[in-house]
Engineer: 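Here it is, the structure, as structure tokens.
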Amino acid sequence: MDYIKEYKSFVNSHYLSEGVRITAGIVLPAVVLNYFNLLSVGVVVALGAMCVSVTDNPGPVHHRKNGMIACIIINTIMAGVAGLLAPFPFLLGILIVLACFIFSMIGVYGSRVNSIGLSALLIMVLNIDRQHQGWELLSNAAYIFAGGVWYMLLSLLLHSFRPYKLAQQALGDCIMATADYLRVRSSFYRKEVDYERTYQQMLEEQIAVHEKQNLVRELLYKSRHIIRDSTTTGRTLVMIFTDIVDLFERTMNSYQDYKAMHEAFGEDDILQKYRELILELSNELDEIGIAVKSGEASAETDKLADHIEDAVKYFEDFRDRRRTADNLDSFINLRHILNSIGDIANRIHTLHLYTTYDKEIVKKAALPSDYDQFVSHEKIDLKILKDNFTLQSNTFRHALRISIATLAGFIISLFFPFGHSYWILLTIIVILKPAYSLTKKRNYERVIGTIAGAVIGIVILHFVKNNDALFVIMLCLMLATYSLWRTNYMFSVVFMTPYILLLFHLITDASFKTILSDRIIDTAIGSAIAFLANISLLPAWEHEKIAKYMLEALTSNKNYFKNVSAAFTGNPVTNTEYKVSRKNAFVALANLSDAFSRMMAEPKRKQKSIKELHQFVVLNHMLTSHIATLASYVRPLSEKYASPDFAPAINRILARMDDGEKILGEEEAEQVVMDDSTSDIIQQRLQNLLNGRREEIKKGIQQSETQKKLTEFKPLADQFNFIGNLSKDIKVLGEKWMDNDLA
């Protein structure tokens, strides 16, 4: 691991910026009001600020503003209602059940609305032990309101100073995620390849790339000041994102079976040289990603270009020494892999130029006019909520689950002394997630993080006695907590636990031993309740809905292939249609991979036909890769080789995909009985070229018109052949999986 690179990436990330913003938003009102001997008021104001920060997720500024306004209003109401009902356990129990159900159900409207619901629940549970009467009740709600408004103004003010910073940071993360994906693909060129592990890592990285691409789309295409204004910075960011998505498609290219490639060249060092070049490409992308995050120009050297030039010379020498009539096709594939590496290097060179934010470079580039088609729009439609009032809805089941679990936690807390209920409920609400695997992971991380954090807290308080020093340490722990809570929950809890312990030590008279034991006991109780609820209260298992993700992946790949292959029959689609189908294919594949990963974390008895499902996911990733490879030939070769001869192969592939869709949709599929060996004119043309070229090689002819045509035509024919075989395998595997699942 390159620790310097990791450090640069983190200090320039939006996660650290968020941590600084939240820490300042929480601490400043408490410090200022404490100066006027109003610490108790400052703590409540800080509480209001902290809960509003939960909904300040990365996104377009107007979405963030609207979300925080709604959050402030709802939190103020919830603080008042919780304080009003605090003396009445029965009514408070009803409030907990209703609030947990309602604020969990609104999660159907997307992640931002879901975070508003989470914030409301946090405010509720943090006020159920705070009994107020008369004006105290109103003043407490007013302080919560003031804290929320303060944080919102701080957040919007910081954005106004650096309106492009969040987009730059998210875009830099996206570029570095692409580098990680490319780095994993380089493993296929190792001498000893663990194919199963490499494919699993590749699927995980593809999920990460999709998440980061989706965030950047939201930030760029939904931000008026970026997409509609003609500033150099805005235009540059859009162009970088457009190019990095194209580059990601290029990194997915697959030219042949990796096992066959190792059989042909595994004993030579040329594959290792290719791997080293790919790793250099990844490192260059990392440097560009860090530069984009920081807003500075990246430093480009001639090192990569020189290494590619050396690799080309090495390949040509290796080819001249080793090429025979029998391994001709393997050398053609090697050449195209090298060409792909060179193409990615050229794209990286362009990205280096963009990081200079040179007006002359970007002024000729037109911003996309069809950007609205690449982002999703969440509508607040009551029909969506109504349609989810069914046990078939995972959101509805989660809402019931969390309502029952929190009620159980509240009832148990009544048998404990004052001050336990809020932490038990807080633990349940934070841990319990809609998916079993996510809840299991959170539960483990919460328990381990709390224990480790408690040890850190004990060590700090044992050696540090000065309150000013403890306050500084607490600020550092807060910063670490809020910087990591979106990326590494366990370490966030590790830092949060001593931060909470120090906070209570500084503002209360309770003994440290009491505070520590209470937190550990409450966390254990909340975790146990969340665990039991996760496995027994209407659990949602992935195998119940995985067929939907399988179908979406196959359908989106079919549309992607249809739009790409149309160019080779002389009927190309528009660039927008092609890019939308590409985006949908990548998203669907990421969703399928993510669902499979969640299933792997579930109990073995719930992992139905896991072997077949894993093969299905891998085959779909290979299918997307080969379609992406075919797409890379559209611009240079489609006009030259466009012919009705491609139609039989295309129609056969689409028919198989149609059958696969029907099988996964539990419809009766038609059987495609076309004879591959006789109906595919393309493969016949390829064979004729191969035979002709082999005869030329036997005669010692190095350069010829046949050689040129073969170099161009073979990759096209190979991709149609690969895609055809994959579509057949996916159909068979889908049928087998459905038979096992329905059995």
Side-chain angles (χ1 to χ4, degrees), residues 1-2 5-6 9 173-210 212 244-290 301 303-312 314-315 318 330-331 333-349 351-352 586 589-590 593 618 621-622 624-626 628-629 632 722:
M1 179 183 289
D2 188 336
K5 185 182 296 182
E6 291 293 322
S9 176
D173 280 339
C174 180
I175 295 170
M176 298 185 75
T178 305
D180 290 337
Y181 177 83
L182 187 58
R183 195 172 284 113
V184 170
R185 285 197 77 104
S186 73
S187 299
F188 285 117
Y189 297 86
R190 289 177 180 271
K191 284 204 171 187
E192 300 294 331
V193 186
D194 185 340
Y195 289 100
E196 184 173 344
R197 176 174 171 78
T198 301
Y199 272 115
Q200 183 61 38
Q201 290 177 330
M202 193 167 61
L203 295 174
E204 292 171 359
E205 293 300 336
Q206 202 259 344
I207 294 169
V209 172
H210 156 64
K212 288 174 171 57
I244 198 62
V245 173
D246 290 341
L247 187 148
F248 175 67
E249 181 186 44
R250 197 72 164 114
T251 65
M252 293 189 71
N253 287 2
S254 293
Y255 292 93
Q256 66 177 50
D257 183 351
Y258 288 109
K259 291 182 180 179
M261 184 172 65
H262 277 279
E263 288 176 3
F265 303 108
E267 298 302 318
D268 302 293
D269 61 354
I270 191 165
L271 296 183
Q272 179 61 25
K273 289 186 177 295
Y274 279 12
R275 179 173 178 269
E276 291 170 0
L277 279 178
I278 294 171
L279 290 176
E280 280 197 63
L281 296 176
S282 302
N283 292 334
E284 286 289 313
L285 283 174
D286 280 336
E287 293 299 327
I288 293 171
I290 292 173
T301 67
K303 181 180 176 183
L304 177 60
D306 291 342
H307 285 180
I308 291 177
E309 185 178 346
D310 291 342
V312 171
Y314 183 87
F315 166 77
F318 179 73
S330 296
F331 272 100
N333 288 328
L334 274 186
R335 160 58 78 179
H336 280 278
I337 294 172
L338 191 56
N339 289 344
S340 180
I341 291 174
D343 179 68
I344 293 174
N346 290 334
R347 294 171 187 267
I348 288 175
H349 170 69
L351 291 174
H352 274 299
F586 289 176
L589 179 60
S593 302
V618 170
H621 192 283
M622 293 173 64
T624 306
S625 295
H626 284 293
T629 308
S632 68
F722 287 137

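Position 1 is the first residue of the sequence; numbering continues from there. Side chains included, hydrogens not; waters and symmetry mates left out as well; all remaining heavy atoms used.
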Engineer: For residues S9 and M176, report the shortest heavy-atom separation together with the two atoms involved.
Structural biologist: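 Scanning both residues, the minimum pair turns out to be OG-SD, 3.5 Å.
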Engineer: Decide yes or no on ring-ring contact (aromatic ring centres under 6.0 Å, His included) for F188 and Y274, but give the supporting numbers first.
Structural biologist: CA-CA 10 Å; F188 285 117; Y274 279 12; over 10 Å; no
Engineer: Heavy-atom distance under 4.5 Å between the side chains of F248 and H210, does that happen here?
Structural biologist: no
Engineer: Give a yes or no on whether a salt bridge exists between R250 and D246, defined as a side-chain N under 4.0 angstrom from a carboxylate O.
Structural biologist: no
Engineer: How long is the straight-line distance from OG1 of T251 back to CD1 of I278, given to the nearest 0.5 Å?
Structural biologist: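 Taking CD1 in I278 and OG1 in T251, the distance rounds to 10.0 Å.
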Engineer: Identify the two heavy atoms, one from L285 and one from L182, that lie closest to each other, and give their separation to 0.1 Å.
Structural biologist: CD1-CD2, 4.3 Å
Engineer: Is there side-chain contact between F315 and K273, with at least one heavy-atom pair below 4.5 Å?
Structural biologist: no
Engineer: With heavy-atom distances below 4.5 Å as the criterion, would you say the side chains of I337 and M261 are in contact?
Structural biologist: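 A side-chain contact exists here, since the closest heavy-atom pair is under 4.5 Å.
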Engineer: Between OG1 of T198 and CG of L203, what distance do you get to the nearest 0.5 Å?
Structural biologist: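 Between T198 OG1 and L203 CG, I get 11.0 Å after rounding to 0.5 Å.
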Engineer: Can you tell me how far apart CD (E249) and OG1 (T629) are? Round to the nearest 0.5 Å.
Structural biologist: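 E249 CD to T629 OG1: 8.5 Å, rounded to 0.5 Å.
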Engineer: Keeping the roles fixed (side chain from H621, backbone from M252), state whether a donor-acceptor pair exists under 3.5 Å.
Structural biologist: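 Absent.
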Engineer: Please verify the inter-ring angle class for Y189 with Y258; under 30° counts as parallel, over 60° as perpendicular, anything in between as tilted.
Structural biologist: perpendicular
Engineer: Quick one, I175 and L247 - any side-chain contact, counting heavy atoms below 4.5 Å?
Structural biologist: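 No, their side chains stay 4.5 Å or more apart.
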Engineer: How are the rings of F331 and F318 set to each other: parallel, tilted or perpendicular (split at 30° and 60°)?
Structural biologist: tilted
Engineer: Walk me through whether M622 and F722 qualify under side-chain contact (heavy atoms from CB on, under 4.5 Å).
Structural biologist: CA-CA 9 Å; M622 293 173 64; F722 287 137; over 6 Å; no
Engineer: Please examine the side chains of D269 and Y314, heavy atoms only from C-beta on, and report whether any two atoms are closer than 4.5 Å.
Structural biologist: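 Y314 vs D269: side chains touch.
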Engineer: Return the CG to NE2 distance between L304 and H352, rounded to the nearest 0.5 Å.
Structural biologist: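 With rounding to 0.5 Å, CG (L304) is 8.0 Å from NE2 (H352).
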Engineer: Roughly how far, to the nearest 0.5 Å, is the CD atom of E276 from the OG atom of S186?
Structural biologist: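 Taking OG in S186 and CD in E276, the distance rounds to 10.5 Å.
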Engineer: Is there a donor-acceptor contact under 3.5 Å linking the side chains of H307 and E280?
Structural biologist: yes
Engineer: Provide the closest heavy-atom pair for S625 versus R185 in the form atom of the first, atom of the second, distance.
Structural biologist: OG-NH1, 3.6 Å
Engineer: Rounded to the nearest 0.5 Å, what's the gap from CD1 on I308 to CD1 on I344? Could you check?
Structural biologist: 9.0 Å
Engineer: If I compare all heavy atoms of A264 with all of S330, which pair ends up nearest, and what's the gap?
Structural biologist: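 Closest approach of A264 to S330: CB-OG, 4.0 Å.
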Engineer: To check you understand the geometry: which heavy-atom pair defines the closest contact between D286 and K5, and what is its length?
Structural biologist: OD2-NZ, 3.4 Å
Engineer: Do D180 and R183 sit within salt-bridge range, that is, some charged N less than 4.0 Å from a carboxylate O?
Structural biologist: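 Yes.
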Engineer: Looking at every non-hydrogen atom in both residues, tell me the closest pair between D173 and K212 and how far apart they are.
Structural biologist: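 The answer is O-CD, 3.4 Å.
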